[in-house]
Amino acid sequence: MKKGNKAVFFIVFALILAFAASTIVGLDYQYGDISTTYIHGLDDIRLGIDIQGGVDVTFEPENGIEATEQQLAAATEVIKLRLATLNINDSEVYSDAKSNRIIVRFPWQAGEKNFDPEAAVDELGETAVLTFRHGNQKNVDENGNPNGEIILQGADVAEAGTGQQPNNQGGADWVVTLKLTDEGKQAFADATTQLASKKGTIAIWMDNYCISAPTVSSAITDGNAVITGSQSYEEAKELADKINSGALPFKLTTSSFKTISPTLGTGALRAMVISGIIAFGLIAIYMIILYRLPGTVAVMAGQIAGTLAAITGWFGFMDSSTLTIPGIAGIILAVGMGVDANIITGERIKEELNRGKNLNAALRSGYQRALSAIIDGNITTIIVAIILMGAFGVPTSVFAKLLRPLFFAFGASTGGVICSVGYTLMVCVLLNFVMGVLASRLMVMSLSNFKIFQNKKLYGGEQA
C-alpha cells in the first residue's frame, strides 16, 4: 500500500464524528424572529404517540350505516381539517373502506395542560356543517364565526367531483365540479346572477373554516358549477372531498378509544434508551475483545448516528419519520444485526491470517470473501422490513401500495407503530453497507499501514 493511505483513517473518522455531531445538535440560523433550519438534530425528532402520549381512536358511521368509499374519503378530509383547526399537525388519519371505519391517531397538544382528548374526539366525529355564503374568508364576527348571508347548505350539493378544463396555454387545468340539487339550483342561480356583474365572491365554509372563496365570473343557472384555481389533481380532489363531506348522511361514532399518558411514554422512552446504551456497551466490549482492532473500528463506524439522522430528516431526499417505542426496539435490534457484518469480516480475516497470508493480503481477501455473505444476510432482513412497512404502514405509503395484492383482504391496519420497526430496520441495514462495510474497511486498511498496527495478533491472527 502507498503511505498516503495512512491519512484515510483520520479523514473517515473525522467525517463520522462531524456527521454524528451534526445529527445530535443539528444546524440552524436565527435572525430576529426568523429561524432557518439547515440540518435537523435530535431535538427535531417527532416523538410518536406511545412516547409523547396521545389518542388512538377508530370511527364508524352511526346506526350501522354502510358508507361508500367516497363518503369515507370525504369524512376523512373533514377530520384532517378539524385536527388542523385544533393545531394538531402531527397526526395520522386514513380510511378503511373494507371495514367501514376511519382510523385516527394524534399526540397530546404540546404545552397544553388542559387538553381534553375526549372532547376533541367528540368534535372530530360530528357531522360537518357546509355552507356557501356571500363574501369571503374575512366576513366573520368577533368570535370568528362566518356571518355572510347563506346561499347554499351541504344538502343542496348533490355531488362534487374533479375534472379538467382547457387553459389559454393549450393545456388543461384541474377544477372542482359541482352538481346541485333542484332546491339549490335556483338559489345558486339568483346569487351568481347578482354577483357576476361585480365579480363578487362566494365563500365556502366547513364549520367555521373557509375552505375556498372563488370569484363569480358568470351567472350559473343550470345547477352545474366549476371551481377553478387548483394546482393539481390532489388539490382539486381534496376540495371536492371536503364539499362532499358537508352532505354526508351520517355522523361518526367512536368504536374504539384509548389514550396514552405522556408520563408513561416518557418512562418507556427512558427505559428504552437505557436498554440501548447497555446493549451497545456490551456489544462494543464483545467486539473489541474478540476481534481487537477490526472490532474497535466497527464500534466507531457510526451506524446508530446514521439511523437517527434518517429519522430526523437529516438526508435531504428522505422525509423525517416519527420515532416510536417499537422503532427504538428496531434500532437496538439492528445494532446487533449490524455487528453481524463485522463478525463475518473479522472471522474471514482471521482465517486468512491463519492460512499464512501476510496482513495486507489477508485483509483484502477477508473483506472480499465476507461481502457476499453480508449481502445475503441483509437482503433477507430488508425483505422482512418491507413486509412490515407494507402490512402495518399507512395505506398510501409506497410499500403498502406495492404489497396491496398480498394484503388486500385484510384492509388497513391499526398497528401502524409496527411500521416504525420496519423503517428503522431497513435504514440500519442499508447503513451497514455504508458504515459497517465501506467505512470500516477503509479505516482498517489505513491503520494497517502503520507499523504499530502491523502485528497479526491485533487482527485475531497469530504473532508474525
Compare all side-chain heavy atoms of [X] with those of [Y] and state whether any distance is below 4.5 angstrom.
X    : Y    : value
V140 : W205 : yes
I65  : Q71  : no
I204 : I227 : yes
E92  : I103 : no
I102 : Y94  : no
Y367 : I349 : yes
I243 : I211 : yes
V299 : Y291 : no

L72 and N100: CA distance, side-chain angles, deciding distance, side-chain contact (heavy atoms from CB on, under 4.5 Å) verdict
CA-CA 8 Å; L72 284 177; N100 196 40; 4.3 Å; yes

Nearest heavy-atom neighbours spanning [X] and [Y]:
X    : Y    : answer
V176 : A236 : CG2-O, 3.4 Å
K350 : L290 : NZ-O, 4.4 Å
L359 : K456 : N-CE, 4.4 Å
A385 : L425 : CB-CB, 4.2 Å
G163 : T177 : N-CG2, 4.3 Å
Q454 : N449 : NE2-O, 3.4 Å

Tell me if a side-chain donor or acceptor on [X] pairs with a main-chain N or O of [Y] at a distance below 3.5 Å.
X    : Y    : value
S256 : V57  : no
N378 : L430 : no
E62  : L252 : no
S255 : T58  : yes
N360 : S448 : no

Taking only residues two or more places apart in sequence or in another chain, which ones pass side-chain contact (heavy atoms from CB on, under 4.5 Å) with V273?
L269, I277

Could you tell me which residues satisfy side-chain hydrogen bond (donor to acceptor under 3.5 Å, both in side chains) with [X], sequence neighbours excluded, listed by chain and number?
X    : value
S230 : none
Y459 : none
K237 : D241

Could you tell me the separation between the [atom1] atom of [X] and the [atom2] atom of [Y], rounded to the nearest 0.5 Å?
X    : Y    : atom1 : atom2 : result
E69  : S95  : CD    : OG    : 7.0 Å
M287 : M300 : CE    : CE    : 13.0 Å
S22  : I39  : OG    : CD1   : 5.0 Å
N342 : T296 : CG    : OG1   : 11.0 Å
Y233 : T162 : OH    : OG1   : 5.0 Å
L353 : K357 : CG    : NZ    : 9.5 Å

Salt bridge (Lys or Arg N to Asp or Glu O under 4.0 Å) partners of residues 366-384, not counting sequence neighbours, each pair once:
E351-R369, E352-R369

Could you walk me through whether R364 and M445 satisfy the side-chain contact (heavy atoms from CB on, under 4.5 Å) test, starting with their C-alpha distance in whole Å, then the side-chain angles of each, then the deciding distance to 0.1 Å, before giving a yes or no?
CA-CA 8 Å; R364 286 195 298 269; M445 296 292 283; 3.5 Å; yes

With a 3.5 Å cut-off and no angle check, do the side chains of Q137 and Y209 form a donor-acceptor pair?
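There is no such pair between these side chains.
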
Between N208 and N143, does the side-chain contact (heavy atoms from CB on, under 4.5 Å) criterion hold? Intermediate values first, please.
CA-CA 10 Å; N208 295 332; N143 296 318; over 6 Å; no

Can you list the steps and then say if L447 with L458 is a side-chain contact (heavy atoms from CB on, under 4.5 Å)?
CA-CA 11 Å; L447 288 175; L458 293 174; over 6 Å; no

ring-ring contact (aromatic ring centres under 6.0 Å, His included) partners for F19, two or more places apart:
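Partners of F19 by the ring-ring contact (aromatic ring centres under 6.0 Å, His included) criterion, ordered by chain and then number, come out as W314.
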
If you count heavy atoms of other groups shown closer than 6.0 angstrom to CD of E235, is the number above 12?
yes

Are more than 12 heavy atoms from other residues, nucleotides or ligands located less than 6.0 Å from atom CD of Q164?
yes

Anything under 30° is parallel, anything over 60° is perpendicular, the rest tilted; go ahead and classify F9 against F13.
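Geometry flag for F13 against F9: parallel rings.
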
